[in-house]
Visitor: 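Quick one: structure below, then a few questions.
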Amino acid sequence: MLKRTHSCGQLRLEDDGKKVTLNGWVHSYRDHGNLVFIDLRDRDGITQLVFDPQSQPDVHKQSRGLRCEWVIAASGAVRPRGEGLENPKIDTGKIEILIEKIEILNTAETPAFEIDGADKVSEELRLKHRYLDMRRPEMQNRLKIRHKVTKIVRDFFDSADFWEIETPFLGKSTPEGARDFLVPSRLCVGEFYALPQSPQLFKQVLMVGGVDKYFQIVRCFRDEDPRADRQAEFTQIDVEMSFVDMDDVIDVHQRMVAAVWEGILGKKVSLPMRRMSYKEAVDDYGVDRPDLRFDMKLKNISDLVGDCQFKVFTGTIEKGGIVKGLCAPGGAKYSRGDIEKALTNFAADYDAKGLAWFKVAKNEESGQVTLASSIAKFFSDEQKQQIIERFSANEGDLILMVADTEAVANKALAPLRVKLGKDLELYDEDAHEFVWIVDFPLFEWDEKAQRYDSLHHPFTAPVPEDVEKLETDPGNICSQAYDIVVNGSEIGGGSIRIHQPQMQAKVFDLLNISKQQAQDRFGFFLKALNYGAPPHGGIAFGLDRLVMILTGTDNIRDVIAFPKTQKGQCLLTDAPSPVEQAQLDELNLRTQTHH
RNA sequence: GGGGUCGUAGCUCAAUUGGUUAGAGCAUCGGACUGUCGAUCCGAAGGUUGAGGGUUCGAGUCCCUUCGGCCUCGCCA
C-alpha cells in the first residue's frame, strides 16, 4: 500500500511543493464534473484532495467512484490554494493536494448516520455503531484527553516515587457496600469470586507489605443502577501512602490535580486548595459536595418564624423540624406559576412536600424593601425584615423555603440551589472551584438497622483526640476522611486508615459486625494488621468524572470508549447474553427466573 | 422497584378534534455541472409509524400489554 508520509492535519503552506502521501477516510466528496474535491480525514484533521481531469485523467475517473467513509491512500503534491479559495475552518485550509495516484484500501457501507452530523443523532444509535461515532473529532478529543490525563497522572506519581501495582480482579465478595458482580468458580464448585468495588484492602495490605507508596489506574465494578455520571464499571486513580497524615495526602493530591489542570487546560490552580468542614458544607449548601462557583448559601430561619401565623412553619418546628431556605438573586422574575409548578415539582422529586416563597419587592408607599407572596400576610413586618436581613435579600430576589426535617430540607434545597445557580447564570461556566471537605463524622446512626454505619468505610481512622469516644460517644467522632470537590462534583475521596488491630476490631464491633463475620469477610486483612502495619492513608479519584469535567460533558458515556446503557447492556456487542448450556454445566450452575 | 420522557423513511423531524394515498430536510442511487468546502441543479427510490392486542366505519393519533433509549428517586460502605 501507499504508506502515509503525513497525517491529515499536518500540512501547511510551508510544505508547498512536497510530494506527500496521506491515508484516511473519505470525509466528504464534491464532484464538479470537472474537478473533484475530497476531504480526507484521520484523527489528526482534514485535508482537501483535488482530482484534475487535465493532469491525471485516469486518477480523476477513479476518484468519481469513491464514497464517504471509504479508506484510501492518496499521493500528490502539496500546493497553496488560490486567492479566496482558502478554508479557514480547517487547520490545513491554506493548502490542498493535487492527487497523482490513489489506492482504495477499503470500501464502506453507507454509514448508519453521517459522521459530520452525529451530534444530533440518538445516543442509542451512536452506541450501536461506536466505531463510527468515534471517528468524530469531539469523541476523539475526549479519548485523547483521557489518555493525556492518565499519562500526566502516571508521570506525576512516578516522579514522586510511587509504584503502580496491579491488584486482583477476581476477589472475595463482601456484603458491605455496593452489590457485587459475581463470577462463578469452575474449580471450586458452588463458589464465586466478586469483581472489586475498589482495591481498598489490597492497597492497605501493600502498605503492610512495605510498598510505602502505591498507585494504580484501575477498573472498579459496582452492580448498581447507573446515572448520567455513573457506570457499573468505572476507573479509579487509586493511591495509598505509608507514614503519612491527612495533610501529607492532601498535599500530594492537590498537586496532582494541579498538574492535570495545568497539563490539560493550561490553567494554574492556586494551592493550597481551600478546606471546608463537613458541617459547614451541609449547613451552608445542604450537601457535602458544594458548588462554590456561586454563593447563595442556605439559611436556617427557624428562630425567626417559630412564632408566626403560618401553620406549616410553626407545625414543622414544633415537631422538631426546621425552616431553611435560600435567596435566588434576580429570582423574582419567575412567575407564580413557575414557582408553584416547576420549582415546587422539582423540589418534590427530593421529597419536599412544598416550597414556600417570597418575592422581594419594594413597597410603593414607604419605599422600603419587603416580602410579597400569598403567605406574606402570616408574618409580622418585623419578621419580614428579619428574613430579608438573614438572606441579605435585595429587590428582585426570590426567597424559597422548605419546612421539614433538616435532612429533607437539605436534600431538596441543595439541588434547587444548583438548578437556580445554573438557570440564573450565577457563575462562569469555565470556572473551577476546588475544595477539600474535611472533619466528616466517623459514623452515622442507621435508624432502620438500629446501628452505626460508616460514613466513609470501616477502615477509616478517627482523629486521635476522639479515639476515647469509641467507648463513650461514637456518634460524635470526627474521622480523618477527606473528599475533594470541584464545582459540586466529588472527584476523589479518602482517609487515613486504622492501622492498629484493636481499633479496627472496636470499629467492627460498633458497626455490629461480629468477630466471626469480621473474620470471614476480612480475616486476611485483620491478620495482616497484626504484623506491623505502618500508619497509612490514601485516596481514590474517579477518572471518568475527572475527564468529564475537563472535557465539559455531563454524560459519563462520552468519556468511555465502550460504555453501557442504563440496563448495563453494551449495544455494540450485545453483552450480557445467554450462554451455552455446556458452559453452565461446567460451572455447576442452573438459571431460574422468579418474579 | 417507583416517577418522568421519548420511539414515524438510513438520520433529524412534521402530520389539525381520530379522517383521503403518512410528508420535509439531510443521506442514498442516477444524471448534469470549470474551484468546491454543509457545493449547486434535475430526477428516482426509500415506511410493519418499536412490537402485540383492543375500541372505532376509520388509529401514527385513543385504551391495554410489552420492548428499548435517556433523565431521576431508591441504590451507589
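Lettering follows sequence order; numbering is per chain, from 1. Bear in mind the structure is a predicted one, so any value in this text is a computation, not a measurement.
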Visitor: Would you indicate, yes or no, if B:G74 has its OP1 or OP2 atom less than 4.0 angstrom from a side-chain nitrogen or oxygen of A:K411?
Guide: yes

Visitor: With a 3.5 Å cut-off and just heavy-atom distances, do the side chain of A:R81 and the base of B:C37 make a donor-acceptor pair?
Guide: yes

Visitor: Which part of the nucleic acid, if any, lies within reach of A:E86 when heavy atoms closer than 4.0 Å are counted: base, sugar-phosphate only, or nothing?
Guide: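 Counting heavy atoms under 4.0 Å across all strands, the contact made by A:E86 includes a base.
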
Visitor: Got a salt bridge between A:K61 and A:D58, using NZ or NE/NH1/NH2 to carboxylate O under 4.0 Å?
Guide: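 Here A:K61 does not pair with A:D58 in a salt bridge, since their nearest N and O are not under 4.0 Å apart.
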
Visitor: Does a side-chain N-to-carboxylate-O contact under 4.0 Å join A:R79 and A:D16?
Guide: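 Not counted as a salt bridge, because no side-chain N and carboxylate O are separated by less than 4.0 Å.
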
Visitor: What nucleotide, of B:A77, B:U28, B:G74, holds the atom closest to the side chain of A:C68?
Guide: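 Of all the options, the side chain of A:C68 is nearest to B:U28.
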
Visitor: With the side chain of A:K89 defined as its heavy atoms from C-beta on, choose the nearest nucleotide among B:G69, B:G35, B:G38.
Guide: B:G38

Visitor: Please tell me which of the listed nucleotides, B:G35, B:A27, B:C75, lies nearest to the side chain of A:T110?
Guide: B:A27

Visitor: Side chain of A:Y350, heavy atoms from C-beta onward: which of B:C76, B:C37, B:C73 has the nearest atom to it?
Guide: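 Minimum distance to the A:Y350 side chain belongs to B:C73.
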
Visitor: For A:E69 and B:C11, what is the distance between atoms CD and C1' respectively, to the nearest whole Å?
Guide: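 Result: 14 Å.
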
Visitor: With hydrogens left out and only the distance checked, is there a donor-acceptor pair under 3.5 Å joining A:R230's side chain and the base of B:C76?
Guide: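 Counting by modelled atom types and ignoring angles, a donor-acceptor contact under 3.5 Å is found here.
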
Visitor: Categorize A:E123 for me: base, sugar-phosphate, or nothing, with a 4.0 angstrom heavy-atom threshold over every strand shown.
Guide: sugar-phosphate

Visitor: Using atom CD1 of A:I115 as one end and atom P of B:U28 as the other, report the distance to the nearest whole Å.
Guide: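 These atoms are roughly 12 Å apart.
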
Visitor: A:N87 near the nucleic acid: base, sugar-phosphate alone, or nothing, with a heavy-atom cut-off under 4.0 Å?
Guide: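 Counting heavy atoms under 4.0 Å across all strands, the contact made by A:N87 includes a base.
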
Visitor: Contact class for A:R557 vs. all strands (heavy atom < 4.0 Å): base, sugar-phosphate, or nothing?
Guide: sugar-phosphate

Visitor: Do A:R64 and B:G30 have a side chain to base donor-acceptor pair shorter than 3.5 Å?
Guide: no

Visitor: So what does A:R41 touch, heavy atoms closer than 4.0 Å: a base, only the sugar-phosphate, or nothing?
Guide: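 Nothing, no nucleic acid heavy atom in range.
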
Visitor: Roughly, in whole Å, what's the span from CD1 in A:I38 to C1' in B:U36?
Guide: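 Computing the A:I38:CD1 to B:U36:C1' distance gives 12 Å.
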
Visitor: Between A:E124 (CD) and B:G7 (P), how many Å, whole number?
Guide: 13 Å

Visitor: Please list, pair by pair, any protein nitrogen or oxygen found under 3.5 Å from a nitrogen or oxygen in nucleotides 39-44 of chain B.
Guide:
{"from": "B:A39", "atom 1": "N6", "to": "A:D31", "atom 2": "O", "distance (Å)": "2.7"}

Visitor: Taking atom P in both B:U61 and B:G2, compute the distance separating them and give it to the nearest angstrom.
Guide: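 B:U61 and B:G2 have their P atoms separated by 25 Å.
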
Visitor: Have a look at A:F169 and tell me which of A:F181, A:F202, A:Y193, A:F221 forms a ring-ring contact (aromatic ring centres under 6.0 Å, His included) with it.
Guide: A:F221

Visitor: Could you tell me the separation between the NZ atom of A:K94 and the C1' atom of B:C37, rounded to a whole number of Å?
Guide: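 Nearest whole value for this atom pair: 16 Å.
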
Visitor: Which of the following nucleotides, B:U34, B:G10, B:C37, is nearest to the side chain of A:A112?
Guide: B:G10

Visitor: Taking only the side-chain heavy atoms of A:E114 (C-beta and beyond), determine which of B:G35, B:A77, B:C26 contains the nearest atom.
Guide: B:C26

Visitor: Are A:F113 and B:C11 stacked, counting the six-membered base ring, centres under 5.5 Å, planes under 30°?
Guide: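 The ring of A:F113 is not stacked on B:C11.
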
Visitor: Walk me through whether A:T167 and A:Q216 qualify under side-chain hydrogen bond (donor to acceptor under 3.5 Å, both in side chains).
Guide: CA-CA 9 Å; A:T167 50; A:Q216 185 181 192; 3.0 Å; yes

Visitor: Under 4.0 Å, counting only non-hydrogen atoms across every strand here, what does A:L511 touch: a base, just sugar-phosphate, or nothing?
Guide: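 Counting heavy atoms under 4.0 Å across all strands, no contact is made by A:L511.
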
Visitor: Mind listing the closest non-hydrogen atom pair of A:S198 and A:R222 along with its distance?
Guide: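 Closest approach of A:S198 to A:R222: CB-NH2, 4.1 Å.
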
Visitor: Does A:S122 make a side-chain N or O approach to OP1 or OP2 of B:U12 shorter than 4.0 Å?
Guide: yes

Visitor: Would you tell me whether A:N476 and A:K469 have side-chain atoms, one donor and one acceptor, within less than 3.5 Å of each other?
Guide: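 A:N476 vs A:K469: no donor-acceptor pair found between side chains.
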
Visitor: For B:C71, take OP1 and OP2 only and decide whether either is under 4.0 Å from a side-chain N or O of A:Q566.
Guide: yes

Visitor: A:V121 side chain: which of B:C11, B:G74, B:U34 is closest?
Guide: B:C11

Visitor: Whether A:K515 engages the ring of A:F508 as a cation-pi pair (distance to the six-membered ring centre under 6.0 angstrom, angle to the ring normal within 45°) should be assessed.
Guide: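 That pair does not qualify as a cation-pi contact.
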
Visitor: Got a salt bridge between A:E233 and A:K564, using NZ or NE/NH1/NH2 to carboxylate O under 4.0 Å?
Guide: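 Counted as a salt bridge, because a side-chain N and a carboxylate O are separated by less than 4.0 Å.
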
Visitor: Do A:I72 and A:N23 have side chains that approach each other closer than 4.5 Å (heavy atoms only, starting at C-beta)?
Guide: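 With C-beta onward as the side chain, the pair stays apart.
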
Visitor: Using a strict threshold of under 4.0 Å (side-chain N to carboxylate O), is an ion pair present between A:R126 and A:D558?
Guide: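 Judged by the 4.0 Å cut-off on N to carboxylate O distance, A:D558 and A:R126 do form a salt bridge.
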
Visitor: Among the candidates B:A77, B:C70, B:C75, find the nucleotide nearest to the side-chain atoms of A:Q200.
Guide: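 For A:Q200, the side-chain atoms sit closest to B:A77.
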
Visitor: Can you check the A:I90 CD1 to B:U36 C1' distance for me, whole Å?
Guide: 12 Å

Visitor: How do A:E224 and A:F37 order along RNA chain B: which one's closest nucleotide is nearer the 5' end?
Guide: A:F37

Visitor: With a 4.0 Å limit, can you tell me whether A:Q569 has a side-chain N or O closer than that to the phosphate oxygens OP1/OP2 of B:G69?
Guide: yes

Visitor: Taking any heavy-atom pair under 4.0 Å as a contact, classify A:K128: base, sugar-phosphate, or nothing.
Guide: nothing

Visitor: Could you please name the option among B:C75, B:U36, B:A27 that lies closest to any side-chain atom of A:R227?
Guide: B:C75

Visitor: Between A:D225 (CG) and B:C75 (P), how many Å, whole number?
Guide: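 Interatomic distance, CG of A:D225 to P of B:C75: 11 Å.
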
Visitor: Looking only at side-chain N and O atoms, does A:K567 come under 4.0 Å of OP1 or OP2 in B:G68?
Guide: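 The answer is yes; a side-chain N or O of A:K567 sits under 4.0 Å from OP1 or OP2.
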
Visitor: Over how many whole Å does the gap from A:L98 atom CG to B:G35 atom C1' extend?
Guide: 13 Å

